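The structure appears below as structure tokens.
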Amino acid sequence: MSVAQNLHVSHLGQGDRKVLALHCTIAHSGVWAGLAAVLKGQASFVAPDMLSHGRSPDWDRQGDLFERLTEASLEHLTEPMDVIGHSFGAMIALRLAVEHPELVRSVVLVEPVFFAVAQQDTPDLVAEYAHVAQPYMDAIAAGDEPLAARLFNRMWAGDAGPQWADLPEVARAGMVRGIHLVGAVENALLNDTMRLLDPSKIAQANMPVLLLHGSHTHKVMVAINSGLQTRLPQAESDVIDGAGHMGPISHPRETGAAIAAFWGGLPS
């Protein structure tokens with residue numbers, strides 16, 4: 001049994017609505033600052049850094065990483081809260097909603113990388129995405145983590161997100177540090193090893209859900225959100241105009257407007 005690894009947590013924004021915010025891979029909790037500022041006065045963000053990210057310790061490579069990160073995030077659901085997750089962070093958010101619905105009042109999933117949904121519904125788009133991802137996969141196989149991090153950032157940031165050359169060195173180093181986590185969860189995302197898509201299981205996430213994707217994102221992400229909307233009991237969807245995959249970072253104002261509208265429609 002592995003020793004518990006405590007996550008560093010950032011606290012952002014001020015407001016009555018308590019929000020657990022889960023960032024994407026090779027980012028850190030500070031990327032929520034823009035969105036928290038947009039939602040200032042509405043929400044207080046509790047934002048942990050994943051293992052091997054930000055100011056959290058490196059993953060000790062013990063146990064199942066998806067399990068470890070979910071358990072570590074659960075420690076910060078100290079009461080019923082609203083949850084926001086982006087990319088792989090959205091996968092943790094979805095799992096918390098499925099497995100601990102009593103602690104999740106609502107959930108916002110921004111481009112969850114749940115490729116198993118698209119594998120069931122639109123396998124051709126998964127194959128298309130795999131072709132786009134091949135250079136990154138080749139870099140990982142060759143053990144070139146700096147190249148893998150650069151290619152991974154380019155693949156997901158697109159033209160609308162932060163570009164590698166424009167990032168400060170500390171940000172690039174952080175991405176290289178965390179890139180090995182991507183492969184550690186790949187099987188869970190593609191093959192649903194946690195069986196989250198079992199109809200009886202995903203039905204447990206019966207709270208209001210907002211699914212967001214950028215208007216310029218990969219087609220497979222649109223398919224994933226569409227597939228999740230049909231499977232979740234109370235899901236709606238919206239589009240972040242002008243954004244790619246990195247909407248919460250590149251387009252915090254548009255993302256915040258969609259979230260605020262969603263929250264505004266929830267029961268008081």
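Being a predicted model, the structure only gives us computed values, none of them experimental. Numbers for residues simply follow the sequence, beginning at 1.
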For residues 191-198, please give each side-chain donor-acceptor pair under 3.5 Å, one per line with the distance, not counting sequence neighbours.
from	atom 1	to	atom 2	distance (Å)
Asn191	ND2	Asn187	OD1	2.5
Asp192	OD1	Arg195	N	3.2
Asp192	OD1	Leu196	N	2.9
Asp192	OD2	Leu196	N	3.3
Asp192	OD2	Leu197	N	3.0
Arg195	NE	Asp198	OD2	3.0
Arg195	NH2	Asp198	OD2	3.3

Pro135: partners by side chain to side chain contact (heavy atoms under 4.5 Å, CB included), with sequence neighbours left out: Leu151
Residues passing the side chain to side chain contact (heavy atoms under 4.5 Å, CB included) test with Gln229, sequence neighbours excluded, are Leu211, Ala235, Ser237
Report all side-chain donor-acceptor pairs from residues 94-119 shorter than 3.5 Å, counting only partners two or more places apart or in another chain.
from	atom 1	to	atom 2	distance (Å)
Arg95	NE	Glu99	OE1	3.3
Arg95	NE	Glu99	OE2	3.0
Arg95	NH1	Thr70	OG1	3.4
Arg95	NH2	Glu67	OE1	2.6
Arg105	NE	Asp82	OD2	3.3
Arg105	NH2	Asp82	OD2	2.6
Ser106	OG	Asp82	OD1	2.5
Glu111	OE1	Thr217	OG1	2.7
Glu111	OE1	His245	ND1	2.6
Glu111	OE2	Gly214	N	2.7
Glu111	OE2	Thr217	OG1	3.0

Can you give me every donor-acceptor pair (side chain of residues 25-34, partner residue at least two apart or in another chain, under 3.5 Å) with its distance?
from	atom 1	to	atom 2	distance (Å)
His28	ND1	Gly30	N	2.9
Ser29	OG	Ser10	OG	2.7
Ser29	OG	Asp49	OD1	2.8

Tell me which pairs pass side-chain hydrogen bond (donor to acceptor under 3.5 Å, both in side chains) where either residue lies in residues 140-150, with sequence neighbours left out. none
Sorted by chain and residue number, the salt bridge (Lys or Arg N to Asp or Glu O under 4.0 Å) partners of Asp121 (sequence neighbours excluded) come out as Arg231
For Lys219, all residues meeting salt bridge (Lys or Arg N to Asp or Glu O under 4.0 Å), sequence neighbours excluded: Glu128
My understanding is that only residues two or more places apart in sequence, or in another chain, count here; which of them pass side chain to side chain contact (heavy atoms under 4.5 Å, CB included) with Gln14? none
Can you list every ring pair (Phe, Tyr, Trp, His ring centres under 6.0 Å) pair that touches residues 41-78, not counting sequence neighbours? His23-His53, Phe66-Phe88
Anything under 30° is parallel, anything over 60° is perpendicular, the rest tilted; go ahead and classify Trp156 against Tyr129. tilted
Partners meeting salt bridge (Lys or Arg N to Asp or Glu O under 4.0 Å) with Arg55 (sequence neighbours left out): none
side-chain hydrogen bond (donor to acceptor under 3.5 Å, both in side chains) pairs touching residues 174-183, sequence neighbours excluded, are Asp58-Arg177
Indicate yes or no for a side-chain donor-acceptor contact from Ser73 to the backbone of Leu69 under 3.5 Å, with no hydrogens or angles considered. yes
Ignoring hydrogens and geometry, is there a side-chain-to-backbone donor-acceptor pair from His251 to Gly242 under 3.5 Å? yes
